[in-house]
Amino acid sequence: MTDLDSIEQYAYDVLVIGAGGAGLRAAVEASACGARVGLVCKSLLGKAHTVMAEGGIAASLANVDERDGWRVHFADTMRGGQYLNSWRMAELHAKEAPERVRELEAWGALFDRTRDGRILQRNFGGHRYPRLAHVGDRTGLEMIRVLQDHGVHQGIDVHMECTVLELVKDGDRVAGAVAYERERGLFRVFSAGAIILATGGIGRAFKITSNSWEYTGDGHGLGYRAGAELIDMEFVQFHPTGMVWPPSVRGLLVTEGVRGEGGVLLNKEGRRFMFDDVPALYRDQTADSPEEGWRYTQGDREARRPPELLTRDHVARCIVREVREGRGSPHGGVFLDIAWINEHLSNSEEHIRRKLPSMYHQFMRLAEIDITKVPMEIGPTTHYAMGGIRVDPDSQMSGVPGLFAAGECAAGLHGANRLGGNSLSDLLVFGKRAGEYAARFANENGGTTIDGSEVRRSIDAALEPFSRDGDGTGAYQLQFELQEKMQNLAGIVRREEELEEALASIANLSERAQSVAVPGNREYNPGWHTALDLPNLLTAAEAVVRAGQARKESRGAHFRDDYPDKDPESGKFNLVVRRGSDGEMVLEERPIVPMPEALQQIIEEQQQ
Amino acid sequence: MPMVTLRIQRFDPENDQRPVYREYAVNADPTDRVLDAINSVKWYQDGSLTYRRSCAHGICGSDAMRINGANRLACKVLIRDVGAKVTIEPLMGFRVIKDLVVDMEPFFAQFRSVLPYLINDEGAPERERTQSVHEREVYDDTTKCILCAACTTSCPSFWADENFVGPAAIVNAHRFIFDSRDKAAAERLDILNDREGVWRCRTVFNCTEACPREIRITKAIGEVKKAILSSAR
Ligand SMILES: Cc1cc2nc3c(=O)[nH]c(=O)nc-3n(C[C@H](O)[C@H](O)[C@H](O)COP(=O)(O)OP(=O)(O)OC[C@H]3O[C@@H](n4cnc5c(N)ncnc54)[C@H](O)[C@@H]3O)c2cc1C
Ligand code: FES
């Protein structure tokens with residue numbers, strides 16, 4: 001039995017779990033509201049997944065095209081999400097994003113600038129006007145650095161390399177968290193008036209992914225076990241362009257910026273297959289000819305966007321179709337060609353190196369390919385979870401009093417498909433809101449008491465793998481098996497039998513996860529850490545599969561081979577997953593509340 | 001797949017008095033990264049092998065380590081560039097916590113000491129502060145830093161004196177000193193004019209050579225030195 005007195009204990013008004021863009025922005029806000037804030041993260045501060053974001057932050061600053069505004073951004077987001085989004089979140093997001101970006105600028109963020117010194121904005125898929133504020137292809141790095149330095153000098157307490165294992169409740173309300181620090185393997189207990197989950201996504205449930213090792217669905221699992229609902233879990237975004245060769249870097253992201261700068265997709269016959277299949281919803285906004293598409297990428301405001309810049313779900317599916325029908329590239333992808341722009345630009349090589357420096361280096365180093373001269377080989381990669389913890393649109397509080405969620409682990413804004421750039425703006429807008437409302441909640445509801453026996457139970461459970469026999473490779477092997485199954489059975493194209501098979505595998509893996517053994521000791525033991533990540537990853541995977549089975553239509557990122565069409569009836573609900581009274585996963589259709597007249601009108605206006 | 005031998009410095013604080021080297025043979029393609037080879041040791045041979053990594057993308061700065069004697073990010077070095085026998089050791093100059101994981105706190109403390117955040121008390125403008133393309137260009141290079149510590153831990157002045165603020169901290173001061181929106185350059189120059197500041201730099205260029213982001217660090221340090229001299233005048 002664990003002696004609780006020997007465990008380090010901390011008390012905060014607001015505990016933020018996760019130090020990516022969402023967690024940092026929330027911590028900064030809660031602290032500005034006067035709350036005592038603790039911030040916990042699995043890796044070192046500044047290394048969170050947000051650091052990888054390349055393309056930019058979507059906000060209708062209208063610096064490049066004055067026709068842009070929150071209404072257009074709102075309509076674009078809803079259309080991209082196939083109208084399953086929370087319209088209230090989409091409204092708040094579109095209205096507040098510009099202010100959040102300017103605030104970041106005021107705190108010292110570097111941005112690329114227009115000729116008159118304003119924040120420069122670039123084109124991205126599904127956004128009607130150039131909308132992404134950016135700094136080269138390192139926007140995430142800049143964002144995280146600025147938020148972190150701003151926050152730390154405000155006096156936020158940071159617990160780095162510390163992983164939260166379980167949330168603890170005081171009656172209905174969330175009261176604290178049990179965590180272990182990775183360095184010494186010692187436990188820590190946090191009590192808090194309010195807790196914000198900002199743990200990111202679930203990409204590590206799949207084999208081919210652009211996501212980092214941290215993406216094991218911890219927040220999804222923690223929230224679910226504490227009684228929060230998960231929503232839209234069937235929608236996993238597969239980014240159309242990941243590297244496919246060499247094998248060691250399969251899945252590594254190739255930024256959408258390549259297509260934004262004029263890159264085109266070709267099959268092995270050299271055909272621009274994206275012109276063959278333009279969805280009705282987007283036909284009026286899509287270029288008729290390669291020539292018009294090129295003009296669009298070069299800033300011609302009269303031109304319409306090339307089909308390569310349609311939404312990610314659609315582009316990914318077209319690529320899969322080409323590969324399946326035998327028109328793919330040698331390593332199972334298709335070609336992405338930016339070198340072709342030499343037809344239009346005499347200094348194209350230099351231009352590409354200047355506009356896409358990271359991509360140039362990435363392919364040069366890893367694949368020995370000079371993208372200024374030859375096409376790249378690319379294919380879809382697991383990229384983003386639209387699904388996550390269901391929250392109140394204004395406050396970001398989940399169904400569990402005192403438990404908030406923001407960023408990728410929360411859901412609602414993106415519906416069936418997220419637009420590129422809408423995540424970083426999501427982190428800022430709803431990170432701030434979560435921080436503000438959590439501070440308020442803690443202030444109004446006071447402190448909490450932590451039940452020692454609950455703490456003891458989670459600690460004892462966490463230590464169990466050490467007392468089992470085994471060679472310790474178990475945890476990794478289970479994770480690999482899960483990734484393989486999810487990739488093959490619950491990936492871009494889904495079928496009933498395969499989802500059924502995936503579910504059976506998850507049940508089997510969950511069973512085996514109960515008996516994983518870990519050798520060695522508690523100090524910085526990665527095998528143990530992986531074993532502790534497993535239950536969360538399995539919960540997230542099960543939710544994806546169950547919701548995927550229940551949505552018997554194809555919409556956004558969810559594509560069913562056996563139900564290839566959109567079904568208007570299915571467009572009237574979201575799927576919600578929660579934990580039943582016997583610990584089983586319960587699924588429910590939740591009707592979508594109709595949009596107010598004024599918002600409906602915006603959508604109609606913008607359809608023209 | 002060809003075999004590669006990894007000679008890895010191991011240290012388990014509970015059982016080892018001092019670090020030991022262990023050898024592992026792994027299958028690795030020439031196009032695999034060193035990080036892939038280390039992962040394969042951890043996944044299939046010894047689950048207790050410990051190192052930091054996060055993005056595997058060369059952008060988070062978690063996995064700087066000494067690879068064949070040079071500070072590199074394991075996720076950016078290919079096997080074909082390091083040969084069939086690779087020695088892997090933790091960064092020099094920091095306490096080793098376990099295996100390849102070092103205590104980064106002193107490094108972050110040096111970073112924090114240069115006030116790495118924008119200081120400007122004038123009220124924020126209604127829209128963004130404008131900045132010309134040129135003004136922005138002046139400090140573009142030093143904003144690329146990912147705080148991996150490869151530069152600082154390759155610097156002989158830092159090895160000789162652990163209180164030296166180190167190249168990484170100077171790089172991060174540089175970005176604010178030369179940012180047209182910032183008002184505290186004088187304060188930062190003062191900090192760096194200290195005994196443990198820029199003057200410890202002997203222009204050895206190790207830092208520039210080690211930087212995985214190809215920041216021209218020695219040049220940036222030179223610009224800071226020059227700014228101190230001209231502000232003193
Ligand atoms: C390569 C790449 C490029 C991208 N580019 C863009 C782009 O250009 N524009 C855009 O809008 N979006 C982009 N995205 C998506 C976007 O980067 C992410 O969705 C976003 O950064 C998620 O931020 P977050 O704050 O929710 O989580 P993260 O930044 O992932 O942070 C999660 C935090 O939670 C911590 N954590 C997790 N579990 C635990 C636990 N159990 N205990 C304690 N701490 C925990 C982690 O340590 C980390 O600090 C990109 C994604 C990728 C992979
Ligand atoms: S793991 Fe992020 S830089 Fe190598």
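Chain letters run A, B, ... following the sequence lines, proteins first and then strands; every chain starts at 1.
- For chain B, the nearby part of T114(A) is the backbone; its heavy atoms alone come within less than 4.5 Å.
- If you measure heavy-atom distances from F111(A) to chain B, the contacts under 4.5 Å come from the backbone alone.
- The CZ atom of R213(B) lies 6.0 Å from the OG atom of S358(A); values are rounded to the nearest 0.5 Å.
- Residue E523(A) touches chain B through both its backbone and its side chain, counting heavy-atom pairs closer than 4.5 Å.
- Here Q148(A) contributes atom CD and Y117(B) contributes atom OH; the two are 13.5 Å apart, rounded to the nearest 0.5 Å.
- Looking only at distances, a side-chain donor or acceptor of T50(B) sits under 3.5 Å from a matching main-chain atom of Y524(A).
- Salt bridge E368(A)/R80(B): present, at least one basic N to carboxylate O contact under 4.0 Å.
- At a 4.5 Å heavy-atom cutoff, the contact between D116(A) and chain B is made by backbone atoms alone.
- In this structure, C60(B) and K47(A) approach most closely via the heavy-atom pair O-CD, 2.7 Å.
- Comparing N120(B), I119(B), L147(B) by how many heavy-atom pairs each has under 4.5 Å with chain A, the most go to L147(B).
- For R129(B), the CZ atom is densely surrounded, since the number of other residues' heavy atoms within 6.0 Å is greater than 12.
- Scanning all heavy atoms of the two residues, the minimum distance from W107(A) to L118(B) falls at O-CB, 3.5 Å.
- Note: R113(A) CZ to E128(B) CD = 6.0 Å, rounded to the nearest 0.5 Å.
- With a 4.5 Å cut-off on non-hydrogen atoms, I97(B) touches chain A through its side chain but not through its backbone.
- Between E99(A) and R127(B) there is no salt bridge, since no side-chain N of the basic residue sits under 4.0 Å from a carboxylate O of the acidic one.
- Side-chain contact between R136(B) and L120(A): absent, with no pair of heavy atoms (C-beta onward) separated by less than 4.5 Å.
- When heavy atoms are compared at a cutoff of 4.5 Å, E126(B) approaches chain A solely by way of its backbone atoms N, CA, C and O.
- When all heavy atoms of Y139(B) and L110(A) are compared, the pair lying nearest together is OH-CD1, 3.2 Å.
- Both the backbone and the side chain of W213(A) come within less than 4.5 Å of a heavy atom of chain B.
- Taking all atoms of both residues into account, the shortest heavy-atom contact from S48(B) to P526(A) is O-CD, 4.0 Å.
- In plain terms, the two heavy atoms of G108(A) and D179(B) that are nearest each other are O-OD2, 4.4 Å.
- Using a 4.5 Å cut-off between heavy atoms, L49(B) touches chain A through its backbone atoms (N, CA, C, O) alone.
- By the 30° and 60° cut-offs, the orientation of the rings of F480(A) relative to W43(B) is perpendicular.
- Counting non-hydrogen atoms of neighbouring residues, nucleotides and ligands closer than 6.0 angstrom, the CD atom of Q17(B) reaches no more than 12 such neighbours.
- With a 4.5 angstrom heavy-atom cutoff, I119(A) touches chain B via backbone and side-chain atoms both.
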- Task: I would like to know whether E142(A) and K144(B) meet side chain to side chain contact (heavy atoms under 4.5 Å, CB included); could you show each step before the answer?
- Result: CA-CA 8 Å; E142(A) 185 62 14; K144(B) 293 181 190 151; over 6 Å; no

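- With a threshold of 4.5 angstrom between heavy atoms, A48(A) does not approach chain B through any atom at all.
- Contact of N39(B) with chain A is not made at all, since no heavy-atom distance falls under 4.5 Å.
- Distance check, rounded to the nearest 0.5 Å: OG of S62(B) to CD of E214(A) gives 8.0 Å.
- Around the CD atom of E481(A), the shell of radius 6.0 Å holds more than 12 heavy atoms that belong to other residues, nucleotides or ligands.
- Taking OG of S212(A) as the reference point, atom CD1 of I59(B) lies at 13.0 Å (rounded to 0.5 Å).
- Comment: R365(A) engages D81(B) in a salt bridge, judged by a side-chain N to carboxylate O separation of less than 4.0 angstrom.
- For the pair R138(A) and D140(B), the tightest heavy-atom approach, listed with the atom from each and the gap, is NH2-OD1, 3.1 Å.
- Proximity to chain B (any heavy atom under 4.5 Å) is restricted, for R102(A), to the side chain, taken from C-beta onward.
- Salt bridge annotation for D149(A)-R112(B): absent, with no cationic side-chain nitrogen under 4.0 angstrom from a carboxylate oxygen.
- Most heavy-atom pairs under 4.5 Å with chain B, from the set L252(A), T530(A), N525(A), N521(A): that is N521(A).
- Both the backbone and the side chain of D32(B) have a heavy atom closer than 4.5 Å to some heavy atom of chain A.
- At a threshold of 4.0 Å, the pair K98(B)-E161(A) does not count as salt-bridged, since none of the basic side-chain nitrogens sits closer than that to a carboxylate oxygen.
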- Evaluate the criterion side-chain hydrogen bond (donor to acceptor under 3.5 Å, both in side chains) for residue pair T143(B) and R145(A); output intermediate values, then yes/no. CA-CA 9 Å; T143(B) 63; R145(A) 193 55 41 79; over 6 Å; no

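- Note that the CG atom of L44(A) and the CZ atom of F108(B) stand 5.0 Å from one another [nearest 0.5 Å].
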- Task: Quick one: do T31(B) and L366(A) satisfy side chain to side chain contact (heavy atoms under 4.5 Å, CB included)? Show the steps, please.
- Result: CA-CA 7 Å; T31(B) 53; L366(A) 300 173; over 6 Å; no

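- With a 4.5 Å cut-off on non-hydrogen atoms, R33(B) touches chain A through its backbone and its side chain both.
- Using a 4.5 Å cut-off between heavy atoms, E105(A) contacts chain B through both its backbone and its side chain.
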